[in-house]
Amino acid sequence: MDRIGIEELIRELATLDYQKMYNNDFLLTWEKSIDEISATFTVAEILRGMREQNISSRIFDSGLGVSLFRDNSTRTRFSFTSACNLLGLEVQDLDEGKSQIAHGETVRETANMVSFMADVIGIRDDMYIGKGNAYMRNVARSVQSGHDEGVLEQRPTLVNLQCDIDHPTQSMSDMLHIIKHFGGIENLAGKRIAMTWAYSPSYGKPLSVPQGVIGLMTRFGMDVALAHPEGYEVMPEVEEVAARQAAESGGRFTKSNSMAEAFQDADIVYPKSWAPFAAMEKRTDLYGENDMDGIKALERELLSQNKKHMNWTCTEELMATTHNGSALYMHCLPADISGVSCEHGEVEASVFDRYRVAQYKEASYKPYIIAAMIFLSKQKNSADILQSLMDRATPRMF
Amino acid sequence: MDRIGIEELIRELATLDYQKMYNNDFLLTWEKSIDEISATFTVAEILRGMREQNISSRIFDSGLGVSLFRDNSTRTRFSFTSACNLLGLEVQDLDEGKSQIAHGETVRETANMVSFMADVIGIRDDMYIGKGNAYMRNVARSVQSGHDEGVLEQRPTLVNLQCDIDHPTQSMSDMLHIIKHFGGIENLAGKRIAMTWAYSPSYGKPLSVPQGVIGLMTRFGMDVALAHPEGYEVMPEVEEVAARQAAESGGRFTKSNSMAEAFQDADIVYPKSWAPFAAMEKRTDLYGENDMDGIKALERELLSQNKKHMNWTCTEELMATTHNGSALYMHCLPADISGVSCEHGEVEASVFDRYRVAQYKEASYKPYIIAAMIFLSKQKNSADILQSLMDRATPRMF
Amino acid sequence: MDRIGIEELIRELATLDYQKMYNNDFLLTWEKSIDEISATFTVAEILRGMREQNISSRIFDSGLGVSLFRDNSTRTRFSFTSACNLLGLEVQDLDEGKSQIAHGETVRETANMVSFMADVIGIRDDMYIGKGNAYMRNVARSVQSGHDEGVLEQRPTLVNLQCDIDHPTQSMSDMLHIIKHFGGIENLAGKRIAMTWAYSPSYGKPLSVPQGVIGLMTRFGMDVALAHPEGYEVMPEVEEVAARQAAESGGRFTKSNSMAEAFQDADIVYPKSWAPFAAMEKRTDLYGENDMDGIKALERELLSQNKKHMNWTCTEELMATTHNGSALYMHCLPADISGVSCEHGEVEASVFDRYRVAQYKEASYKPYIIAAMIFLSKQKNSADILQSLMDRATPRMF
């Protein structure tokens, strides 16, 4: 994108109503208005364009981004660091080690203690149903009261880097990829996306990806088909959100227990393993009771349950049933690829390979999506500030 | 604080004799003159004021801050990172892993190897009596000779992030909190502070906090009352420092074995658990002999010894005996709060809660205290440089 | 060095043919032309001079340096961080944890996923013969195709921080030390360097140091004498490189099984332990077969084999046989010093001590060598850019 393209996007941004994102967290996409979602995409594209043009978008001369990963992460960790770095923030990781933060008292204290110079806090906490998003809100309340009470000079913004409910930085990157693939948000109405379960030989993958997808894609008039084997239900609250949003946007939200049905005539397919919601809830309880034998038994049970559905895999045969036989294949990565990373997995190697570059590009939006979330929460008049950065034109590389 | 207030503080700073802090370490508060201590507080407040006014105090375009934590840390780690980041230094942690640095030879080598581009080295080494501070001085000597011999272009400054003797970044933050609470250093003469032991169900907390407090607070004409059960003595050398300083400053330093006596009419109370000095010495020897059974036996002995003094806890009843029943309660955090983080601990929940915000503010000074220590060791004419930064007026956030 | 000296070096740099280093990796010194090697030394000295003159050489306003250490590292880790920081890049470490990256597929994916905002990737992978350098080339290919396919806006440069074949950041630092010691590259012809094995009570030290030394020092007309006990051969491919280069440069490359012979009349000695190439190959296979008993047996065998050669140690007696009894002693550090870090080791304490400061200076070049490698790969017209930085004259410390 050239400078003229970037400045056009800045003018588009100026027409959107995004000011409520200022000093506000990004926890669930469905809490954001369509204008706010669009502003996030627009700022992400502006920041990417500026970087391509070697124009620095650094707005902080100092400041920290605090990261807290309660689950392993490579992609999102690098995306968060990249986003913070792009804007001028240094990442300091909060490594809880073995110590569990046990009660509200300590969350409040820790949240304040790490935030004296923090402009953003990014948290991944996706393992326990009912816990992750609640924890983020607890941290958000804690730093808000710290700011109100004069403890914190600035109010760090919370960015959800994946919780038990949503994975907004992923679904937003996915969505931006879709928008660009179909040439604009205005072309999405009626497009069919199959968000389906797929077999994987591993256990306990979080539900936040399918939930994030149905919670976001239903807002743009798309035909969102969720499919999974019986027993692999996602959180009912998120299904309700999806159904409501589909109705509002003139789209459709359907559920089935057939991968083939979902793929039929689909424009986009997103086959991906996840653990059943009920099993994740049970696991959360078992962890609460510290019942390690129970957890191991549950794991065995889930793996053998998974095995009954090994035919849920994204084959060339299934791909041929999609719209013109050429649906866009998507995955949040890393995928379990049959014959490559495992014997039987979520997708056939030939399908994966055909979409490899597209998927890497899909992933490449995440740093910009996160940077956009931070930018919009820190700059009330983001459009003006972005134009000032264009005028300042500090080179990213001298 | 507004710009006028900041510039007034800069003029105040210019009247102080702080030039010997240039290229010098910060290891023990009692090695610093009153002017140097005051300069540190003043620069800390200036830096905080500048940040509040969105004026960058970044003085480094590149450079590293090396951190070495030989004990767990969240608060001080984030404070050190925040301080370095505020001034433009990136933190690189030296993670020794399991490998103990065993002899002077290797300390000298490691200290030089990590310092080629280091402007500051922050060390926490608080577990072994007679070792931590000695290690810091060894590192300081090593980088000094490295600098003298032409190995290091710059001489990194050592900042004591807690040793076996003192915890200067903590006691200085505590002191700045007290100064602001009582409206100025000039109002402290005669104020009574009770630095007392308190019961905790944990074992082996370092002595550096009480030692740091009696080693600093005795310099301002205050009435410093140290109280602990028999057997919980602190290092005699530090008691001597406290006694001498109290005499010089027109204050008082007393010792007793009664929490009630210390609290009586106190303006400030600081009830906090620590391990007996003699036991810490014994533990150091046991570690030296690698006597793990001995260490476990000592631990059991200390925990059961602690239990005899469960009545050493900061209750509302005791608080009522302080000056006007409203002494300032202080703690370095995290506190062991009865009924919250443990069954019986250092303080009753209602007392802690009443002072929670005050304590968070107390903690919020630490990044600025550390930044001030670094600033004064790096800039000979700190007052002039700070005024130049005010004139430059680079915004911290664009 | 003063500003005039720096600007002279910049003019010298302008006469060299280094443009092919632009957007190119630094994997093996013998893949680089003499001009490119010289340019690297020259830029390293310019960057050091600028830092001494408090002139910032920061060329990045944002950007990441990704580090991947598959073996422990303190020196090189700090050197890489220092180099990145000097140029304005923030280091984000890729911690693979226990997860081994198993096949090309995943290398390609991981390499792209961490590189969206990466300008440089530094890798240490020195443990397995035939693997480390191959892995780096795999990563290089992966990010090249990512860049070609539009996934990565910039093509991160690979810097070899030690592989199974070469340790270019070490040998280049060693070489710069030699150049400065002898007053210029033009004084090196005919100088004799003894690169010899030495006894150490530890096991499995990488071969990349001796290989790196014979692969670089043979290019300057030097008389390079490799000596080791029978069975401690290095990779034959690197010996061939050394022999060819020695012939081309008018130097000499000899091999022997006698430390005394190599030391005889040497101008430089580099006594250093390493594992036999054949044993490292065997170990690589055993790891491949996950044969832990086999690995332990091999370890015992190697330690006892080492013990037969305890007389391979750098004594004062041997040093007396060198040219004028005053050869320059070198080591990549840390050395196994007899009576200091072990009972019997690579070098006598009195020899080591006499050259301690010289060795620390040797080590001090590494951050600048790495920074020069990055600089030359990022700036096509490095001479012009360096002159612009001199003219810009931003102070490193305000």
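Chain letters run A, B, ... following the sequence lines, proteins first and then strands; every chain starts at 1. It should be emphasised that the depicted structure is a prediction, and the values quoted were computed from it without experimental measurement.
- Note that OH of C:Tyr360 is 10.5 Å distant from CG of B:Leu152, once rounded to the nearest 0.5 Å.
- In this structure, the portion of C:Thr394 lying under 4.5 Å from any heavy atom of chain B is its side chain and not its backbone.
- Contact of B:Asp148 with chain C is not made at all, since no heavy-atom distance falls under 4.5 Å.
- In this structure, the portions of C:Ser364 lying under 4.5 Å from any heavy atom of chain B include both its backbone and its side chain.
- Rounded to the nearest 0.5 angstrom, B:Thr106 OG1 and C:Ile337 CD1 are separated by 7.0 Å.
- C:Asn85 contributes atom CG, which lies 11.0 Å from atom CZ of B:Phe60 (distance to the nearest 0.5 angstrom).
- A salt bridge is defined here as a Lys NZ or Arg NE, NH1 or NH2 lying under 4.0 Å from an Asp or Glu carboxylate O, and B:Glu153 with C:Arg396 fails to meet this definition.
- Scanning both residues, B:Asp61 and C:Pro395, for their nearest heavy atoms gives CB-O, 3.8 Å.
- Side chain of B:Gln379 to backbone of C:Phe398: a donor-acceptor contact under 3.5 angstrom is found.
- Proximity to chain C (any heavy atom under 4.5 Å) is shown, for B:Leu87, by neither the backbone nor the side chain.
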Take B:Gln92 and C:Arg77 through the side-chain hydrogen bond (donor to acceptor under 3.5 Å, both in side chains) test and state the conclusion after the steps.
CA-CA 9 Å; B:Gln92 173 68 40; C:Arg77 186 184 290 279; over 6 Å; no
Go through it in stages, so that I can follow the logic: the residues are B:Met113 and C:Thr74, the test is side-chain contact (heavy atoms from CB on, under 4.5 Å), and I'd like the CA-CA distance, side-chain angles, deciding distance and then a yes or no.
CA-CA 8 Å; B:Met113 293 303 118; C:Thr74 298; 5.7 Å; no
